[in-house]
Amino acid sequence: MECMIPRTDDAEAELVVRAQAGDHRAFALLVGRYQDPVFRFVLRMSGIRDEAMDLTQDTFLKAYRALPAWRPEAHFRTWLFQIAHNATLDVLRRRQRVEFVPFADDEPEGEILAVTDPAPTPEQALADRQRIGMLERALRDLPVEQREVLLLREVEDMSYAEIAVTLGIGEGTVKSRLARARVAALAHYRGHAGENSDE
Amino acid sequence: MNEHRPDMIELSAYFDGELDPVRQRGVAAHLAACPACAAQLDLLRALAADFERLPAATLGFDLAGVIEGRLAAAPRPQPRRDRGWRDLLPVSVGAAASVACGIAMGFALFGGAAAPRIAAMSVFDTMPPGSLCIGLESCYTNGAKR
């Protein structure tokens, strides 16, 4: 299985090296490149726009201070998201909104992970707009651990290896956590579809 | 069906192209013959498509300009370097000198091993013999008032 993390491309690595040497303009270019992806991620994680804006700025300031520790072997995006992720978790912990549920990665794989016969799917019955609303609700309701892994995979298009580095977990955990997150999101779909059909 | 039925973990990894090539082909073969699993895969595809349709949130302003301004006022990050033994030399010399001074003072105070232990204790006791306070006069004043 190919699980290598792509290296930072040469142009980007050059920007990072210049930033390490104190070139603020080079760092500003990196900020310009990543400000929206980082903001998108922390906004979906925190759910509060003002907080996400502060977190985004905080992420880049922390990254700047940590620049001497960056090595060309590291993928800059992954490294940056790692900082954003840690900063976001700190904020969520302070808000006491993180529900650190005992994690089920090591549990025996129960019925939730068995491929069941497909239930009637809501996607044919619901319009796109409703589906997006359901997805947003699902994301909001998912445990943080599942939400972050889904966002990094589905929105940021990270490989399992990149997600593992970003979240500081093993690739096997990424694999199982992502599957559980998808199952949970789909269950939300079904739940909301049930509510809607009851109305 | 010529392959064992994949569970959701495997199906999810298959969808992401994260299985090893042999298993990836095995799951593909299974999916071709199993409508139930193929439908599960369709659900994963639909979920991914919904993620693509999520509104793309943007920061809405040039953070780079803000950061650049703040960095101009901030000190430049210093590269880390490994500390060699030469860097630690002044610290080591200082520590050794402190220990030596401590030992010398101890000998000066107690006169070496010949000093009786009880005398040394009395020097550091907070109360003199007889429990008489030799501190502030106010101690006695307060006592008298009571």
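Keep in mind it's a predicted model, so treat the numbers as computed, not measured. So that the names make sense, note that chain A is the first sequence line, chain B the second, and so on, each numbered from 1. For the numbers below, each heavy atom of this structure counts, side chains included, while hydrogens, waters and symmetry mates do not.
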Checklist entry - Would you call B:E18 and A:K175 a salt bridge, using N to O less than 4.0 angstrom? => result no
Identify which part of [X] has an atom lying under 4.5 Å from any heavy atom of chain A, answering side chain, backbone, both or neither.
| X | result |
| --- | --- |
| B:F15 | side chain |
| B:I67 | side chain |
| B:V66 | side chain |

Is the shortest side-chain heavy-atom distance between [X] and [Y] below 4.5 Å?
| X | Y | value |
| --- | --- | --- |
| B:S12 | A:R180 | no |
| B:D62 | A:V31 | no |
| A:L178 | B:D16 | yes |
| A:M53 | B:F61 | yes |

Checklist entry - Does A:D36 use its side chain to pair, donor to acceptor, with the backbone of B:L59 at less than 3.5 Å? => result yes
Item to check | A:Q35 (side chain) donor-acceptor with B:L63 (main chain) under 3.5 angstrom | outcome: yes
Checklist entry - Among A:V38, A:L151, A:L43, A:L139, who wins on heavy-atom pairs under 4.5 Å with chain B? => result A:L139
Next on the checklist: Is A:R44 in contact with chain B via its backbone, its side chain, both, or neither, using a 4.5 Å heavy-atom distance?
Outcome noted: side chain
Item to check | Side chain / backbone / both / neither for A:F27 at chain B, heavy atoms under 4.5 Å | outcome: side chain
Checklist entry - How long is the gap from CZ on A:R131 to CG on B:L47, to the nearest 0.5 Å? => result 8.0 Å
